[in-house]
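Input: a single structure, listed below in structure tokens.
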Protein chains: 2
Amino acid sequence: MDKYKVRNNVRKLRFNHDEITQEQLAEKVGVTRQTIIAIEGGKYAPSLELAFKIALVFGVPLQEVFSYELEGDEK
Amino acid sequence: MDKYKVRNNVRKLRFNHDEITQEQLAEKVGVTRQTIIAIEGGKYAPSLELAFKIALVFGVPLQEVFSYELEGDEK
DNA sequence: ACATAATGTCAAGTAATTTTTACATTTTTA
DNA sequence: TAAAAATGTAAAAATTACTTGACATTATGT
């Protein structure tokens, strides 16, 4: 059950989607810029609620932003 | 952006899926029974990682277990 | 080259999630 | 109907997510 890790494409989505900035995304989902930086950098995984909010901003299903993959698997 | 709430069908899935018990689910995903109780009862939403783990146990995509809906909307 | 915007880092604090423990109630089964 | 299993409640401690603030670096534009 372990060895898995949460991955995300927030950074890619920010550029594909409106070229939105970290600060703008942070504002839209109601967190600080630090939180976005930490998530993009994989420092920690967001709460489920925040994950849903981010997906909403980009207008895509949650699993298109976040995925749960085996540790070593490079995309 | 707000007025939304995280909903889940963990309880239903436990019965549809193998009639698994709270304790067994807790064990499988590596948390305590209390955590499962709290999530089922909507006391709080799980971390993204735990949400993924639960979905994995039931063999369904995350959005089939958890959803992000407008506060009042009864399914 | 300079100014400004965007991104990154670090650290200490607050808030939310999860654990631990202990016991009470309901459901299942022998 | 009594024992055992499953579920529920509550509260304090621990861990993790998130905030705040202050400053450093990298990119963008004029």
Side-chain angles (χ1 to χ4, degrees), chain A residues 1-58 60-71 75, chain B residues 1-58 62-71 75:
Chain A
M1 190 82 224
D2 257 19
K3 270 285 185 26
Y4 281 81
K5 206 179 180 258
V6 174
R7 291 268 166 70
N8 76 85
N9 331 67
V10 172
R11 197 168 190 89
K12 281 178 199 159
L13 283 163
R14 272 201 303 117
F15 288 97
N16 298 351
H17 239 271
D18 300 324
E19 290 272 350
I20 200 181
T21 173
Q22 288 179 334
E23 185 131 34
Q24 290 173 322
L25 176 56
E27 247 181 87
K28 288 203 180 199
V29 300
V31 298
T32 65
R33 194 168 58 86
Q34 297 309 318
T35 300
I36 302 300
I37 291 175
I39 291 169
E40 282 192 2
K43 234 188 144 199
Y44 53 70
S47 69
L48 183 55
E49 185 161 13
L50 179 49
F52 270 122
K53 282 185 185 174
I54 292 173
L56 261 187
V57 165
F58 292 133
V60 299
L62 193 148
Q63 77 249 2
E64 234 174 275
V65 187
F66 299 94
S67 59
Y68 196 51
E69 300 168 6
L70 284 164
E71 188 87 59
K75 207 193 31 277
Chain B
M1 190 80 224
D2 256 18
K3 269 281 182 34
Y4 281 82
K5 207 178 176 260
V6 174
R7 291 268 167 69
N8 77 84
N9 330 67
V10 171
R11 198 168 188 88
K12 281 179 199 159
L13 283 164
R14 272 201 306 117
F15 288 96
N16 298 351
H17 238 270
D18 300 325
E19 290 272 348
I20 200 179
T21 173
Q22 289 179 334
E23 185 130 36
Q24 291 171 322
L25 176 56
E27 247 181 85
K28 288 203 182 200
V29 301
V31 298
T32 65
R33 194 169 58 87
Q34 297 309 319
T35 300
I36 302 300
I37 290 175
I39 291 168
E40 281 191 3
K43 234 188 143 198
Y44 50 70
S47 67
L48 182 55
E49 184 161 12
L50 180 50
F52 270 123
K53 282 185 186 175
I54 292 174
L56 261 187
V57 165
F58 292 132
L62 194 148
Q63 77 249 4
E64 235 173 273
V65 187
F66 299 94
S67 59
Y68 196 51
E69 300 168 8
L70 284 165
E71 188 86 60
K75 201 194 33 273

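Heavy-atom basis, side chains included; hydrogens, waters and symmetry copies ignored.
Listed by chain and residue number, nothing satisfies the salt bridge (charged side-chain N to carboxylate O under 4.0 Å, His left out) test with Glu27(B) (two or more places apart in sequence, or in another chain). Taking Arg11(B) as the reference, Glu40(B) meet the side-chain hydrogen bond (donor to acceptor under 3.5 Å, both in side chains) condition, with sequence neighbours excluded.
Here the side chains of Lys53(A) and Val57(A) are not in contact, with every heavy-atom distance at 4.5 Å or above. Side-chain contact between Ile20(A) and Phe58(A): present, with at least one pair of heavy atoms (C-beta onward) separated by less than 4.5 Å. Side-chain contact check for Phe66(A) versus Ile39(A): some heavy-atom pair is nearer than 4.5 Å. In this structure the side chain of Phe52(A) reaches within 4.5 angstrom of the side chain of Leu62(B), judged on heavy atoms. Side chains of Asn8(A) and Ile54(A) form no contact here, defined as non-hydrogen atoms less than 4.5 Å apart. Contact check for Thr35(A) versus Val29(A): no side-chain heavy atoms found under the 4.5 Å cut-off.
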Distances under 3.5 Å only, N/O to N/O: pair up the protein atoms with those of nucleotides 26-30 of chain C.
none

Show each protein N/O and nucleotides 9-16 of chain C N/O combination with a separation under 3.5 Å, one pair to a line.
residue, atom, partner, partner atom, Å
dT9(C), O4, Gln34(A), OE1, 3.2
dT9(C), O4, Gln34(A), NE2, 3.1
dC10(C), N4, Gln34(A), OE1, 3.3

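Each end of the helix from dA1(C)-dT30(D) to dA30(C)-dT1(D) gets its own axis from five base pairs, and the two axes differ in direction by 60°, given to 10 degrees.
Taking both residues in full, the closest heavy atoms of Leu13(B) and Glu64(B) are given as CD1-O, 4.1 Å, listed atom of the first, atom of the second, then distance. Closest of all the heavy-atom pairs between Gly42(A) and Lys5(A) is O-NZ, 4.2 Å.
Within 4.0 Å of Thr21(B), counting heavy atoms only, lie sugar-phosphate atoms of the nucleic acid but no base atom. Within 4.0 Å of Ser47(A), counting heavy atoms only, lie sugar-phosphate atoms of the nucleic acid but no base atom.
In this structure, a donor-acceptor pair under 3.5 Å is present between the side chains of Glu69(B) and Ser67(B).
Thr21(A) contributes no side-chain N or O that, together with a main-chain N or O of Gln24(A), makes up a donor-acceptor pair within less than 3.5 Å.
In this model, the phosphate group of dG8(C) is approached by a side-chain N or O of Arg11(A) to a distance below 4.0 Å at OP1 or OP2.
Protein chain A contacts DNA chain D over a range whose 5' and 3' limits, counting nucleotides with an atom under 4.0 angstrom from a non-hydrogen atom, are dA17(D) to dA22(D).
The interatomic distance linking Ile36(B) (CD1) with dT17(C) (P) rounds to 15 Å, in whole Å. What separates CZ of Arg14(A) from C1' of dG8(C) is a distance of 12 Å, to the nearest Å. Protein atom CD of Glu23(A) is 11 Å distant from nucleotide atom P of dA5(C), rounded to whole Å.
Rounded to the nearest 0.5 angstrom, Leu56(B) CG and Tyr4(A) OH are separated by 5.5 Å.
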